[in-house]
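Inspection log for the structure reproduced underneath, given as structure tokens.
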Amino acid sequence: MDFLINNWVLFAVAFVSGALLLWPLVQSGTGGGLSTSQAVLLINREKAVVVDVSETEEFAAGHIVGARNLPLGQLEERLPDTVKNKTLPLLLVCPNGARASRALATAKNLGYDKAQVLAGGLKAWKDANLPLEKA
């Protein structure tokens with residue numbers, strides 16, 4: 001017991017380093033969105049509609065091929081007109097995944113039950129060397 005008391009700093013460092021090593025596993029298991037490979041399968045096999053919730057300037061700089069641009073502020077009013085078939089999977093994308101995660105709640109409230117987010121956003125798409133187009 002004296003050993004634990006005298007070396008509490010070592011135990012704290014060991015605990016923190018172990019927690020940091022396990023963090024990516026915990027984060028990916030909490031439903032942080034689809035991986036790029038899962039997203040490609042969803043687009044190709046299930047004809048998912050890709051909606052980019054980036055601002056217009058960001059969208060013009062580069063986006064997933066075939067994506068439709070609906071900035072987050074306009075999503076609630078324009079999504080029903082843009083994607084009429086609510087049974088199709090909906091893939092929400094933004095530069096890093098944060099805005100798309102917020103957009104997910106809006107899409108679900110509008111009845112798009114198959115809406116999902118691309119984990120890591122457009123950055124993850126670029127890192128996977130998947131194709132982009134510019135407007």
Problem set entry | side chain to side chain contact (heavy atoms under 4.5 Å, CB included) partners for Pro71, two or more places apart |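 Pro71: side chain to side chain contact (heavy atoms under 4.5 Å, CB included) contacts with Glu55, Thr56, Asn69, Gln74, Arg78.
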
Problem set entry | Partner residues of Asp113 under the side chain to side chain contact (heavy atoms under 4.5 Å, CB included) criterion, sequence neighbours left out |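 For Asp113, no residue satisfies side chain to side chain contact (heavy atoms under 4.5 Å, CB included) once neighbours in sequence are set aside.
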
Selection [range] - residue pairs positive for salt bridge (Lys or Arg N to Asp or Glu O under 4.0 Å), sequence neighbours left out:
range	value
residues 58-69	Glu58-Arg99
residues 33-48	none
residues 4-13	none

[Y] side chain reached by [X] side chain, heavy atoms, under 4.5 Å:
X	Y	value
Leu118	Thr36	yes
Val65	Leu132	no
Thr82	Val49	no
Val51	Leu91	no
Asp52	Leu70	no

Run the side-chain hydrogen bond (donor to acceptor under 3.5 Å, both in side chains) test against [X] and tell me which residues pass, sequence neighbours left out.
X	result
Asn44	none
Glu57	none
Ser17	none
Gln38	Ser35

Problem set entry | Check: Val83 main-chain N/O paired with Tyr112 side-chain donor or acceptor under 3.5 Å |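 Side chain of Tyr112 to backbone of Val83: a pair is present.
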
For this session: Answer yes or no: is there a donor N or O on one side and an acceptor on the other, between the side chain of Glu133 and the main chain of Gly66, under 3.5 Å?
Result: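 Side chain of Glu133 to backbone of Gly66: a pair is present.
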
Problem set entry | Pairs meeting criterion side-chain hydrogen bond (donor to acceptor under 3.5 Å, both in side chains) with involvement of residues 83-94, two or more places apart |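 Listed once each, the pairs are Asn85-Thr87.
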
For this session: Determine whether Leu92 and Phe59 fall in the same hydrophobic cluster, where Ile, Leu, Val, Met, Phe, Trp and Tyr are linked whenever their side-chain heavy atoms lie under 4.5 Å apart.
Result: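 No, no single cluster joins them.
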
Exercise. Would a hydrophobic clustering, with Ile, Leu, Val, Met, Phe, Trp and Tyr connected at side-chain separations under 4.5 Å, put Val93 with Leu34?
Worked result: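 Shared cluster, yes.
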
Any idea which heavy atoms bring [X] and [Y] closest together, and the distance?
X	Y	answer
Val53	Ala103	CG1-CB, 3.9 Å
Lys114	Leu88	CB-O, 4.1 Å
Leu90	Ala107	CD2-CB, 4.0 Å
Leu110	Pro80	CD1-CD, 4.3 Å

Exercise. Which ILVMFWY residues are connected to Leu10, directly or by a chain of links, through side-chain heavy atoms under 4.5 Å apart?
Worked result: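 In the cluster with Leu10 there is nothing else; it is isolated.
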
Distance-only donor-acceptor hits, side chain of residues 119-129, under 3.5 Å, sequence neighbours excluded:
| unit_1 | atom_1 | unit_2 | atom_2 | d |
| --- | --- | --- | --- | --- |
| Lys123 | NZ | Asp127 | OD2 | 3.0 |
| Trp125 | NE1 | Pro131 | O | 2.9 |

Exercise. For the atom pair CG (Leu79) and OG1 (Thr106), what is the distance rounded to the nearest 0.5 Å?
Worked result: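 So the CG of Leu79 and the OG1 of Thr106 are separated by 9.0 Å.
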
